[in-house]
**Student:** 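One structure is given below, represented as structure tokens, and several questions about it will come after.
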Amino acid sequence: MINKILASPADAVRLIPDGAVLLTGGFINCGFADELLEALHVQGTRNLTVIANNPSVGERGMSHLLRDGRISRLICSYSRKEGTTLIEDLLESGTLALEIVPQGTLAERIRCNGAGIPGFYTRTGVGTPLAAGKEHRDFDGETYIFEPAIKADFALIRALRGDRWGNLSYDKAARNFNPVMAMSTAVTIAQVDELVDLGSIDPEHVITPGIFVQHVVATSVATRKS
Amino acid sequence: MNNLTRQQIAWRVAQDIPEGAYVNLGSGMPLTVSDYVPATREVMFHSENGLLGVGPRQAQAIKDMNLVNAGNIPVTLLPGGSFFHHCDSFVMVRGGHIDISVLGAYQVGQNGDLANWDLPQGRKAPAVGGAMDLAVGAKKVFVMMEYFAKDGSAKIVEHCNLPLTGLKCVTTAYTDIAVLDLINGKVFVRELIEGITLHTLQAETDVELHASPQLALLKPPALT
């Protein structure tokens, strides 16, 4: 019997060693796997590379990892965190390396890795400081830059519902990067609000098919089912 | 002379959004544009975080924080709206499916270059978000800005000296004094507020301004 369900966030993050490269879903403060990130903080994991649209503005999870210096490298489109100078402080102290990537390029670089594509050419960023050092190439009289696929070890994602095969559905704008990241890594861990029986997510409404998900963890509010 | 308020600039942008358009509104000032689109016009607003058919803000009592726009403001979804993941959202943006992108601007070059994401001064962590994708991907780029920077210089310039967001991408600049169309490397003044002439505006602007054939008065309604 296939059963991808793990008992707790702590069990799930035990798989993640120091130095791991993580994709974390979420946009602004919506759709983050906050309980997995919090469990990673409690576990004491260090020297992490985090790829996310933005550092979560919530008080749990990524905020604690950043505050305690556990994240050594952040790749994101938007590093500003409202209401705090945490990121500015980390950058000035030299303890955080930062790479800024345009949001669409970030999504596509993540998708590419999942699709077995080493990279792609895009017009986004041409002529800007973010094109510095990148390969430029003309197609049909337009200039493009090359953007490589992003390779990560784990994806920590958030969904509304999940079953024991790892099929997932999402809640409105909390979908964002989560399905893209799920496709991209060999080990995707999904934090779900609700565990449901096989077949109870209408196949037409499965957004992430279980093939992309290795582990499913329900958070405390969830109804547990096999 | 009565410079336009931010609401009046948003109103002016909204008048140029036609029925049936797919429109992305950048965070900050552009998000208010949807408030001023005439109710009789069907316009589909796209939000980069995976929404099409964005409706008005949520009533205070609802506060569903899984239904927000790109500025983290709780919004509603109109009947016929849809949700999708980030790659699909940026296929819409980068693949030329969005008709109009409305963005803020620090500087606009007369050739349409846009600088709107990074200021050299100040202590702020860098943030580009989707601006570079929107600048090159949308069919038209409308920018909203004050005509003059804080130091009194015009924000429409010969060459941008701030970090660029995109090259030759701005179609029209909507400001508190004038509406400017950027066509083939030239700046055409389409509308001016009362009390300003092309001549007086030119005196305070380094880049050469041309009169649009349909040069008209920029006169928004009083808005609160």
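So that the names make sense, note that chain A is the first sequence line, chain B the second, and so on, each numbered from 1.
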**Student:** Using heavy-atom distances under 4.5 Å, tell me whether B/Thr165 contacts chain A through its side chain, its backbone, both, or neither.
**Tutor:** backbone
**Student:** Is a donor on one side and an acceptor on the other found under 3.5 Å between the side chain of A/Asn54 and the backbone of A/Arg80?
**Tutor:** no
**Student:** What part of A/Leu98 gets closer than 4.5 Å to chain B, counting heavy atoms only: side chain, backbone, both or neither?
**Tutor:** side chain
**Student:** Below 4.5 Å, heavy-atom pairs only: which of B/Gly130, B/Gly50, B/Ser89, B/Gly129 has the largest tally toward chain A?
**Tutor:** B/Gly129
**Student:** Using a strict cut-off of less than 4.0 Å between a Lys/Arg side-chain nitrogen and an Asp/Glu carboxylate oxygen, indicate whether A/Arg158 and A/Asp171 qualify as a salt bridge.
**Tutor:** no
**Student:** Tell me, side chain or backbone of B/Phe90 under 4.5 Å from chain A's heavy atoms, or both, or neither?
**Tutor:**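 Answer is side chain: those atoms of B/Phe90 sit under 4.5 Å from chain A.
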**Student:** Is the shortest distance from a Lys or Arg side-chain nitrogen in B/Asp16 or B/Lys140 to a carboxylate oxygen in the other one below 4.0 Å?
**Tutor:**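 Result for this pair is no, no salt bridge flagged.
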**Student:** Between A/Ala107, A/Gly31, A/Ala173, which residue shows the highest count of heavy-atom pairs closer than 4.5 Å to chain B?
**Tutor:** A/Ala173
**Student:** Identify which part of B/Val93 has an atom lying under 4.5 Å from any heavy atom of chain A, answering side chain, backbone, both or neither.
**Tutor:** neither
**Student:** What part of A/Arg123 gets closer than 4.5 Å to chain B, counting heavy atoms only: side chain, backbone, both or neither?
**Tutor:**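 Its backbone and side chain both get close to chain B.
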**Student:** Taking A/Glu147 first and then A/Lys134, would you say they form a salt bridge - that is, a charged N and a carboxylate O separated by under 4.0 Å?
**Tutor:** yes
**Student:** Relative to chain B, which of A/Thr122, A/Leu90, A/Leu91 shows the most heavy atom pairs under 4.5 Å?
**Tutor:**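 Top count of heavy-atom pairs under 4.5 Å with chain B: A/Thr122.
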**Student:** Give the intermediate values and the outcome of side-chain hydrogen bond (donor to acceptor under 3.5 Å, both in side chains) for residues A/Gln191 and A/Asp34.
**Tutor:** CA-CA 8 Å; A/Gln191 174 190 326; A/Asp34 51 353; 3.1 Å; yes
**Student:** Determine yes or no for a side-chain-to-main-chain donor-acceptor pair under 3.5 angstrom, with A/Asn113 supplying the side chain and A/Ile110 the backbone.
**Tutor:** no
**Student:** Is A/Glu82 close to chain B through its backbone or its side chain, or both, or neither, when contacts mean heavy atoms under 4.5 Å?
**Tutor:** neither
**Student:** Give a yes or no on whether the backbone of B/Leu162 and the side-chain of B/Gln107 come within a donor-acceptor separation of less than 3.5 Å.
**Tutor:**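 Side chain of B/Gln107 to backbone of B/Leu162: a pair is present.
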**Student:** Looking at A/Ala131, A/Gly125, A/Ser79, A/Pro179, which one has more heavy-atom pairs under 4.5 Å with chain B than the rest?
**Tutor:** A/Ser79
**Student:** Check whether B/Asp64 gets within reach of chain A through its side chain, its backbone, both or neither, counting any heavy atom under 4.5 Å.
**Tutor:** side chain
**Student:** At a heavy-atom distance under 4.5 Å, which candidate from A/Ile207, A/Val101, A/Leu130 has the highest pair count against chain B?
**Tutor:**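 Most heavy-atom pairs under 4.5 Å with chain B: A/Leu130.
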**Student:** Non-hydrogen atoms of chain A under 4.5 Å away: do they reach the side chain of B/Ala70, the backbone, both or neither?
**Tutor:**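 Answer is both: backbone and side chain atoms of B/Ala70 are under 4.5 Å from chain A.
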**Student:** Could you tell me whether A/Glu99 and A/Arg73 have a side-chain N and a carboxylate O separated by less than 4.0 Å?
**Tutor:** yes
**Student:** Relative to each other, are the rings of B/His86 and A/Phe177 parallel, tilted or perpendicular (30° and 60° limits)?
**Tutor:** parallel
